[in-house]
Amino acid sequence: MDGIPPERAVTDSWPALHGRPVLRRTVAVGLVLCVSVAAALVVRGVNSLTAGRVGRETDRDRAELLAGLHPSQHPGVGRSYVPVGAVYTHTPDGAPIAYLHYRVAGKDVGLGDFLRAYDLPAPGPTAPLPADLTAALGGDGPAEAPELLPDPEPTSTPSPTPDATTADPAPPAPAAPPGLQAADPDAEPDADADPTPDLDDETPEPTPSVTLPPTPTPTPSVTLPPTPTPTPSLTPTPPPGHPQTTRRIYVATIPGAAPGAADIYIRATG
């Protein structure tokens, strides 16, 4: 049926459309729209099923995740470095272990930018590389290289515990009222003094008696034993479900290369 218009083909297969050109056009357009909508729904469904999926996780991804250098662990940096060598395996006791080798060319992408991108400390003294690290990366690493200083552990100083009780000082004894003089018991009697009172003298006025207030008895202080202060633990405990990772990073400069060029070797265990 070559050369037959679609409208004519639809009319031949549908006898009720004979002599109705408007209806034939409507049916043809409707069929085209239905096919287009169905195709669009199929494409959208396939995209919905595959949009949330990520690629298969490789050993390099596992090694970077264990070492804390995966791009997903540093989303705000905007750049990442790809290792030239990565090995992910397990120790005889089943613990995961990763070996990574990065190479930076220097200048804008030198060692300083690598350390800033991953928030790493500055290199410290020279230390020998572990034998398993050199062997896992092909044996082309140096025998020793400066090792990055580990992060300082948090220290806490216990606050001094004040004494539970402090003895109150005893109140001072009240002073004698003015005009009265305390008798000295050690004073010797005057020999020239006449013990017989002179009757011709005027009778002295009676001295009013003064009653001194009783001296308060100091209350004995009770000293309580000091309350023991708990000493905080200085070793951080990893949260449940997240094993503590031990990471060692070595930096070896490349002789004759641009400033900042270096080889970075990492050994991480979980």
Side-chain angles (χ1 to χ4, degrees), residues 57-157 232-270:
E57 189 178 65
T58 62
D59 286 346
R60 189 189 75 183
D61 296 328
R62 298 186 186 97
E64 290 179 318
L65 289 171
L66 183 60
L69 303 179
H70 195 269
S72 62
Q73 296 171 318
H74 304 271
V77 176
R79 63 190 181 283
S80 61
Y81 288 84
V82 179
V84 296
V87 177
Y88 180 83
T89 182
H90 292 82
T91 59
D93 58 356
I97 184 170
Y99 307 98
L100 291 167
H101 175 205
Y102 291 87
R103 174 166 291 177
V104 291
K107 295 184 179 180
D108 296 336
V109 289
L111 177 61
D113 184 74
F114 182 90
L115 299 178
R116 287 190 299 269
Y118 295 111
D119 194 19
L120 297 175
T126 302
L129 270 69
D132 58 339
L133 173 60
T134 306
L137 297 176
D140 57 348
E144 59 182 13
E147 183 178 4
L148 267 63
L149 299 175
D151 297 333
E153 297 182 356
T155 57
S156 59
T157 304
S233 175
L234 302 182
T235 303
T237 303
H242 296 273
Q244 186 175 5
T245 301
T246 302
R247 182 178 64 181
R248 302 183 67 180
I249 304 176
Y250 304 86
V251 176
T253 58
I254 302 176
D263 284 317
I264 304 167
Y265 302 92
I266 302 173
R267 180 183 186 272
T269 56

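Model, not experiment: these values are computed from the prediction. What you see below is based on every heavy atom in this structure, not just the backbone, and it leaves out hydrogens, waters and symmetry mates.
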> Are H70 and D61 side-chain neighbours, meaning at least one heavy-atom pair lies under 4.5 Å?
Replying inline: yes
> side-chain contact (heavy atoms from CB on, under 4.5 Å) with I266: which of I249, L66, L148, L137?
Replying inline: I249
> Looking only at heavy atoms, what is the nearest atom pair of S72 and L65, with distance?
Replying inline: OG-CD2, 3.9 Å
> Between Y88 and A63, which heavy-atom pair has the shortest distance, and what is it?
Replying inline: CD1-N, 3.8 Å
> Which residue pairs satisfy the ring pair (Phe, Tyr, Trp, His ring centres under 6.0 Å) criterion with at least one member in residues 109-141, sequence neighbours excluded?
Replying inline: H74-Y118, Y81-F114, Y102-F114, F114-Y118
> Should P142 and T134 count as side-chain neighbours, where that means a heavy-atom distance under 4.5 Å?
Replying inline: no
> A67 and A268: which non-hydrogen atoms are nearest, and at how many Å?
Replying inline: CA-CB, 3.8 Å
> Which residues satisfy the salt bridge (charged side-chain N to carboxylate O under 4.0 Å, His left out) test with R267, sequence neighbours excluded?
Replying inline: D132
> Roughly how far, to the nearest 0.5 Å, is OG1 of T269 from CZ of R248?
Replying inline: 10.0 Å
>> Going by salt bridge (charged side-chain N to carboxylate O under 4.0 Å, His left out), name the residues that satisfy it together with R62, two or more places apart in sequence or in a different chain.
In response: E57, D59
> So which heavy atom on A105 is nearest to which on A261, and how close?
Replying inline: O-CB, 3.4 Å
>> Under the salt bridge (Lys or Arg N to Asp or Glu O under 4.0 Å) definition, can you give me all pairs with a residue in residues 249-259, not counting sequence neighbours?
In response: none
> Minimum heavy-atom separation for L149 to G124, with atom names?
Replying inline: CD2-CA, 3.6 Å
> If you look only at pairs with a residue in residues 245-269, which of them pass as a ring pair (Phe, Tyr, Trp, His ring centres under 6.0 Å), with sequence neighbours excluded?
Replying inline: H101-Y265
> According to the salt bridge (Lys or Arg N to Asp or Glu O under 4.0 Å) rule, which pairs have a member within residues 68-95, sequence neighbours left out?
Replying inline: R79-D113
>> Would you say that E64 contacts P71 through its side chain, given a criterion of any heavy-atom pair below 4.5 Å between the two side chains?
In response: yes
> Would you say V82 and R60 make side-chain contact, with heavy atoms under 4.5 Å?
Replying inline: yes
> Which atoms form the tightest heavy-atom contact between Q73 and L69, and what is the distance?
Replying inline: OE1-N, 3.2 Å
>> I need the I264 CD1 to L100 CG distance, nearest 0.5 Å.
In response: 10.5 Å
>> Rounded at 0.5 Å granularity, tell me how far OG1 in T91 sits from CD1 in I97.
In response: 6.5 Å
> Rounded to the nearest 0.5 Å, how far apart are OH of Y99 and CG of L133?
Replying inline: 7.5 Å
